[in-house]
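These notes concern the structure reproduced below.
In listed order, ligands and their atoms are each counted from 1.
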Amino acid sequence: MAKALLLLSGGLDSTLAGKMLLDLGCAVSAVNFTSPFCRCTPKNFAAGCSAAASAAQKLGLPIKVFAKGEDYLAVVKKPPHGWGSGVNPCIDCRIFTFKRAKEEMEKTGADFIATGEVLGQRPMSQKRHPLLLIEREAGLSGKIVRPLSAQLLPPSDAEKSGVIDREKLLAISGRSRQTQIALADEWSIADYPCPAGGCLLTDQEFAARFRELLSATPDFDLNDARLLSLGRQFRLPSGAKAVVGRNEDECGRLEKIRRPASDARGGDWVGNFTDISAPTVLLRDGREEDLPLAAGLGLYHSKAETGNFVAAGDGGKEITVAPRRVSEEEVERWRIQRTINN
Ligand code: SF4
């Protein structure tokens, strides 16, 4: 019996690929890769994608989750094959993922890796040339089976050797999902909640913040990267960053994401107003002298004229700060990226 290792995102295409392989009699196990840039699992990306877990359960597949970490961030910062329309390094992202999957394939003795990729579905990584380039650079030439588009691609080793029947694989191409939706209906596959487009790196506003951070702090880490999707963000004249929560959820998340005092770059300050309703403000890479401005930005985003701002940082030290009034012009000058919700 052929053993397949399926890259399962939880989306329709990889679910269909899994179903096809099972119908062909393969023993299939699944792997799911998460990253801090996945919109599906922003809060606890190491726990895995719930859509993938659900798809695996429906198909009856064992699944292993791999969280992409600092080594992935290094690829995103400087991808040899470049970024797409945002800061999405799709080709290098796929190479990175396949290299990790290859290790798992070898460890588990799988015959090949399978994906739900569809030829021509995505502009950067799913055209014929990049598909084959990715395969080659990941050291997996001939080892990847794409059941949905296999008949349009060179035969994999598993198809050549007859381990799986190429005639039973499909020839889907392009961005239309009609064929896949028809197959899902036919095979009673429902609830596939994680379609293409769940990656923050393709988001233009996120990309602008990412580029700004790369220029200001080239050695930034995953914690900095996670902070990028939160709040209104400002670069103060001192070079510090202030982040002002946009709602209760974000204010809570700013408290949780704070960098501890033990961090080599120093801890964050997180401040709240004690007497008015105003957002939480996080100050990163800043000093005590920056707190009045940070507090001023919080006050600017409230309805109050003044307030009592208490900031906690540097090993539990608490100080009370009088907010400095900031003008609209200053707010706009320091704003890193205007976002839709600002
Ligand atoms: S869209 Fe994001 S997750 Fe998907 S290949 Fe591109 S960089 Fe990777």
Just to verify, what does D275 make a salt bridge (charged side-chain N to carboxylate O under 4.0 Å, His left out) with, not counting sequence neighbours?
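Salt bridge (charged side-chain N to carboxylate O under 4.0 Å, His left out) list for D275, sorted by chain: empty.
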Run the salt-bridge test on R284 and D263 with the 4.0 Å N-O cut-off and return the result as yes or no.
no
Lys/Arg N to Asp/Glu carboxylate O, E250 vs R253, below 4.0 Å:
no
Using every non-hydrogen atom in the two residues, find where A55 and G10 come nearest and quote the distance to one decimal.
CB-CA, 4.1 Å
Which protein N, O or S atoms sit under 2.8 Å from atom 6 (Fe) of ligand 1?
C90 SG
Using the benzene-type ring in the case of Trp, are the ring centres of F33 and F98 under 6.0 Å apart?
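That pair fails the under 6.0 Å test.
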Any side-chain donor paired with an acceptor under 3.5 Å for Q57 and S54?
no
